[in-house]
Amino acid sequence: MPERVLMEGSAAIVEAAVQAGCRFYAGYPITPSTEILELMSVRMPQVGGTCMNAESEIEAIGMVWGAAGCGVRSMIASTGQGISLMQESFAELANAQIPIVAVNMCRGQGDYFQATRGGGHGDYRFIVLAPSTAQEAADLTQLAFHLADKWRNPVMIMGDFLLSHTSEMVSFAAPALAELPPKEWAVTGAKGRRGITLSPLGPSEKLSTDVAAALANVTAKHSAIVSEEVRVEHGFLEDAELVVVAFGFPGRFVKYAVRLARERGLRVGYVRPISLWPFPRHAVASAAATARAVAVFELNAGQMIEDVQLSVLGRVPVVAIGGISHDHSGFGVGPLLNVEHILKRIGQVYSGKEDP
Amino acid sequence: MHASGALEAKDYKSDLKPIWCPGCGDFGVLSALYRALANIGRSPHEIAFVSGIGCSSRIPGYTTAYGFNSVHGRALPIAQGIKLANPDLLVLVAGGDGDGFSIGGGHVPHAIRRNIDITYIVMDNQIYGLTKGQLSPTSPRGTHTVTSPEGSLEDPVNPLLYVLGYGAHFVAQSTPADQIGLTAVIEEAIRFPGFAFVNVQSPCVTFGDPNQQLKAHKEGLKSLAKINYDPSHRVKAMALAQTYGKDLYTGVFYRNPNPPPTFDSLVRERQRHMAPQAMPREKILDTFLPH
């Protein structure tokens with residue numbers, strides 16, 4: 001394979017998954033994630049894996065749950081609407097500590113709450129990673145399989161229409177990741193082991209009746225994930241009077257807008273959360289500590305802004321400078337994702353013309 | 001285990017005590033299942049047993065097999081994922097009529113048309129027992145329940161006709177009142193190469209029809225083995241299946257004498273066929289170019 005190849009973000013995710021050892025995929029067509037299913041139908045059988053064109057998102061996530069329960073690295077992809085249909089299984093497989101990787105190629109960025117809070121029941125959390133380039137999508141996909149197995153917790157890759165369909169140069173260096181212990185909990189047919197029931201009610205003990213103890217055991221790892229798995233990029237923060245927070249593909253637009261603002265003499269910096277859960281709370285808080293205000297650019301009605309507010313804790317004003325923005329199809333991005341527009345909004349907040 | 005090394009029914013029994021109501025039909029399904037598994041002789045660690053939600057879905061926990069206690073109606077998708085990821089496992093699925101023909105009913109046709117080599121045992125009691133007696137998809141028209149106090153207004157699903165209509169290659173029915181017959185059909189279903197369906201009329205002693213309990217089954221059942229029935233014709237089986245809800249025929253309704261290859265075997269074949277295309281790695285880029 002050449003050092004670097006030109007491919008869409010969807011293809012980069014597929015190839016990275018293959019190289020990470022993913023050998024089971026199930027999906028259902030939905031724009032803009034369908035390419036992942038199409039490419040997987042070629043790549044999985046080539047490497048001894050299985051790709052299922054499922055009857056629905058509900059069947060697809062059930063199949064992935066079953067395959068992952070056998071210890072096979074397994075992935076599913078969809079769009080927020082399809083991810084909605086998987087929420088019951090997401091909640092249950094998270095509580096049963098079954099590691100899967102789920103990709104959400106959102107329409108806009110409206111699925112931030114769905115990804116970080118979840119639409120399912122109970123106390124589960126997904127680790128959520130939001131790449132901004134095809135290269136980062138490849139790297140984070142490899143990392144996602146590692147984190148899922150390491151924590152026995154589902155990991156979501158959150159992209160969007162642009163990430164899915166933009167072709168960029170990508171390389172696939174094998175990541176330096178620590179070796180993980182064998183999956184002794186898996187349904188592998190290993191002789192001499194006690195039968196295991198993979199259930200939210202006690203993953204290693206058959207149908208425990210102590211629900212509270214089982215769920216407390218599953219959620220105990222959350223605080224360790226919060227302290228160990230935060231990932232964030234930032235720039236121009238040293239003397240920044242205004243800090244702009246943005247994630248995913250639009251995070252690239254914000255980076256560029258911030259650079260232009262700097263060229264025009266504005267003291268502006270940016271924070272780009274890479275892990276949306278755990279949210280880089282300390283990075284946002286320390287950036288805000290020396291700033292006059294924090295602006296949040298996201299393509300929704302205001303979702304990540306709540307995490308930013310929880311980080312800033314009222315020390316400076318937090319202003320929304322994004323908004324819902326779609327193209328005519330509803331799948332792609334709209335007019336708000338425009339560097340000149342972002343720059344204008346940054347200028348308004350910077351000059352104090354816009355109060356929260 | 002027997003001194004000879006052969007597995008016995010008790011080797012499949014876990015130390016968890018069933019919490020079904022005394023007199024529940026599911027006890028008899030469990031004991032027939034233990035015996036069928038012992039006859040087949042696969043070790044518990046080679047078996048994955050998947051269920052959804054309901055009284056009968058507790059059954060994997062009462063065995064020494066690997067188990068998945070999953071979500072309501074989703075046992076079949078999970079079982080298919082298991083069989084495709086780990087084809088060496090013997091995969092069993094069990095659940096109730098609600099799990100299989102209400103909330104999970106949409107998954108049944110697709111498991112059937114793929115002909116994945118799994119065995120699906122439905123404990124059909126025509127009522128929602130776990131939630132204390134609501135209308136089920138197989139409740140006869142006019143059934144009085146807490147959610148149909150004046151009698152239900154709709155016809156029941158006919159599980160036998162349902163799976164025959166979608167092309168299932170092995171379809172049987174039995175009752176725990178006939179332990180020998182039930183053990184035999186479960187064993188035959190497991191041995192069948194492909195998707196096999198067993199509808200077990202397993203009465204709910206607490207909320208079910210008092211006139212349709214095990215005693216009535218014992219007296220009223222009509223064994224297909226005793227009437228010289230040939231199970232190799234789908235259309236004849238569909239005619240016989242029309243008796244569902246009226247007569248209790250037990251035995252194999254339909255067994256395709258020439259079943260098609262299983263989906264899991266075709267997947268392995270596809271992998272062998274496509275593996276050479278995965279190399280050399282320089283070619284991977286071509287995969288992503290338009291044809």
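Quick note on labels: first sequence line is chain A, next is B, and so on, each numbered from 1.
Side-chain contact check for A/Glu92 versus B/Arg74: every heavy-atom pair is 4.5 Å or farther apart. Residues B/His107 and A/Ile58 have side chains in contact (heavy-atom distance under 4.5 Å, counting atoms from C-beta outward). With contacts defined as side-chain heavy-atom distances shorter than 4.5 Å, the pair B/Gln271/A/Thr50 qualifies.
Distance check, rounded to the nearest 0.5 Å: CD1 of B/Ile116 to CE of A/Met63 gives 5.5 Å. Atom CG of residue B/Leu84 and atom SG of residue A/Cys51 lie 11.0 Å apart, to the nearest 0.5 angstrom. With rounding to the nearest 0.5 angstrom, the CZ atom of B/Arg270 is 12.0 Å from the CD atom of A/Gln46. Note that the CZ atom of A/Phe24 and the CD1 atom of B/Ile82 stand 10.5 Å from one another [nearest 0.5 Å].
Residue contact with chain A, scored on non-hydrogen atoms closer than 4.5 Å, involves the side chain of B/Leu89 exclusively. Heavy-atom distances place the side chain of B/Val267, and not its backbone, under 4.5 Å from chain A. At a 4.5 Å heavy-atom cutoff, the contact between A/Met52 and chain B is made by side-chain atoms alone. For a residue to count as touching a neighbouring chain, one of its non-hydrogen atoms must lie under 4.5 Å from one of that chain's; by this rule B/Tyr12 does not touch chain A. With a 4.5 angstrom heavy-atom cutoff, A/Ser56 touches chain B only via side-chain atoms. Heavy atoms of B/Arg114 lying under 4.5 Å from chain A belong exclusively to its side chain. With a threshold of 4.5 angstrom between heavy atoms, A/Val64 does not approach chain B through any atom at all.
The two atoms that bring A/Ser41 and B/Met274 nearest to each other are O-CE, 4.4 Å, heavy atoms only. Looking at every heavy atom in both residues, B/Asn86 comes nearest to A/Cys70 through CB-SG, 3.7 Å.
Chosen from B/Gly73, B/Pro77, B/Ala85, the residue pairing most often with chain A at heavy-atom distances under 4.5 Å is B/Pro77.
No more than 12 heavy atoms of other residues, nucleotides or ligands lie within 6.0 Å of NE2 in B/His273, so this atom counts as exposed by the packing criterion.
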